[in-house]
Amino acid sequence: MPATKFICPNGRRITIKRCLTACPQKERCMFLPTLRAVAESLDRGLKGATVTELISGVREAYLKKKTSYAVNPQDELYSLHGQAVHTIHENNTYGDILGEIRLQDKITSGKFDLYGKIIDEEEGVLGDLKVTSSYKLAKALGIYKLDVPTGEVYRTGARKGQPKTRKEFRYDGVRHVWDWAVQLNYYRLLLEQSGFEVKKMFIQALCRDSSLRTATERGIDKPVYIIPINKISDRWLLRYFGKKASMLKTALRTKTLPPPCSLKETWKGKKCLEYCEVREKCPHAAAIAELLQAGHAV
Ligand code: SF4
Ligand code: SF4
């Protein structure tokens, strides 16, 4: 079941239906069409688990399907931005380019963004559109800062005699694109299963805070980047998605809560504390909060 309630800015909960009919607060927290768009984006009416749902933890996917939960509509605006970017592209996808087609196999389903001659004259290029933060983008591009000696030394103070350094950007770090790569590779697999050869894969990532100082400080100096994505073996993909899809299916059939999501899936517990939409329904989130309160590491 998708989210059924909105959380108002004062913390009150209200069914989405009631909010859209009439706001009982002094004034609406957003325009009615914006709230309608948020509500629509929460309920895509899809049966079965999608590629993106399976990349999250199985417990998260289970709770989102099984329980009635509440979301703050303002937290959904970034995802609405992403959908708006897709819509803009949808209206300009023609000629030798296919876009926004949902494909399905026995395990899952996924909608690829763009396929065809999307960069130059080469056919069979698969592209995915992301709207993301400069933090995630810097990680995806492998940007990091290194202390480089300036050739001078401190003449006074506690560090007297020690070499002075300045921070310089480096662009050859580990590229943290695992979730993007897994998602895009499964779209590749779905396309290939349907007879479409995929020669190359790219993410086009729009930085949502590109004009801010924080972005510059992270080495992000452009609003958009094209990031190549490497191939992941089909065997690995089928095993990974197959296992998660089967765990979810069994949990839904037997109405049994799956084990907590993994450390990777919860960003080392951070998602459980702040970002997971079903954290109020999950005992693991409460357990992590208790641990932190008691002064333990997650
Ligand atoms: S418009 Fe905003 S404040 Fe009003 S009921 Fe809906 S979520 Fe709450
Ligand atoms: S709170 Fe954490 S463990 Fe629970 S469903 Fe969400 S991400 Fe998974």
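No experiment lies behind these values; they were computed from the predicted model shown. Every number for a ligand or one of its atoms is a count from 1 in the order of the listing.
- Ranking protein heavy atoms by distance to atom 6 (Fe) of ligand 2, first place goes to C276 SG, 2.4 Å.
- Near A285, with a cut-off below 4.0 Å to any heavy atom, the atoms of ligand 2 are 1 (S).
- Close contacts of ligand 1 with I14, meaning ligand atoms under 4.0 Å from a residue heavy atom, involve 5 (S).
- Taking CZ of R102 as the reference point, atom NZ of K111 lies at 6.0 Å (rounded to 0.5 Å).
- Between R213 and E217 there is a salt bridge, since a side-chain N of the basic residue sits under 4.0 Å from a carboxylate O of the acidic one.
- A donor-acceptor contact shorter than 3.5 Å is absent between the side chain of D221 and the backbone of T216.
- Each of the atoms 3 (S) of ligand 1 lies under 4.0 Å from some heavy atom of P9.
- Among protein heavy atoms, atom 4 (Fe) of ligand 2 sits closest to C282 SG, 2.4 Å.
- Only the side chain of L35 comes within 4.0 Å of ligand 1, judged by heavy-atom distances.
- Within the 3.5 Å criterion, the main-chain N or O of E192 finds no donor-acceptor partner in the side chain of S194.
- Atom CG in L248 sits 6.5 Å away from atom CG in L54 (nearest 0.5 Å).
- Taken from CG in L137 to NZ in K139, the straight-line distance is 12.5 Å, to the nearest 0.5 Å.
- Near C272, meaning under 4.0 Å from one of its heavy atoms, ligand 2 places the atoms 1 (S), 2 (Fe), 3 (S), 7 (S).
- Those atoms of ligand 2 with a heavy atom of E60 less than 4.0 angstrom away are 5 (S).
- Scanning all protein heavy atoms for the shortest distance to atom 3 (S) of ligand 1 gives Q25 CG, 3.5 Å.
- In the vicinity of P24, heavy-atom distances shorter than 4.0 Å reach the ligand 1 atoms 5 (S).
- Atoms of ligand 1 found under 4.0 Å from any heavy atom of C8 (numbered from 1 in listed order, with element): 3 (S), 5 (S), 7 (S), 8 (Fe).
- Protein heavy atom nearest atom 8 (Fe) of ligand 2, with residue, atom name and distance: C261 SG, 2.3 Å.
- Ranking protein heavy atoms by distance to atom 2 (Fe) of ligand 1, first place goes to C29 SG, 2.3 Å.
- Atom 1 (S) of ligand 1 has its closest protein heavy atom at R28 NH1, 3.4 Å.
- Separation of the Y240 and W178 ring centroids falls under the 6.0 Å cut-off.
- No side-chain N or O of D75 forms a donor-acceptor pair with one of Y275 less than 3.5 Å apart.
- Close contacts of ligand 2 with T266, meaning ligand atoms under 4.0 Å from a residue heavy atom, involve 2 (Fe), 7 (S).
- Side chains of D105 and Y186: a donor-acceptor N/O pair is present below 3.5 angstrom, by distance only.
- Separation of atoms CG (D113) and CD (E90) is listed at 9.5 Å; rounding is to 0.5 Å.
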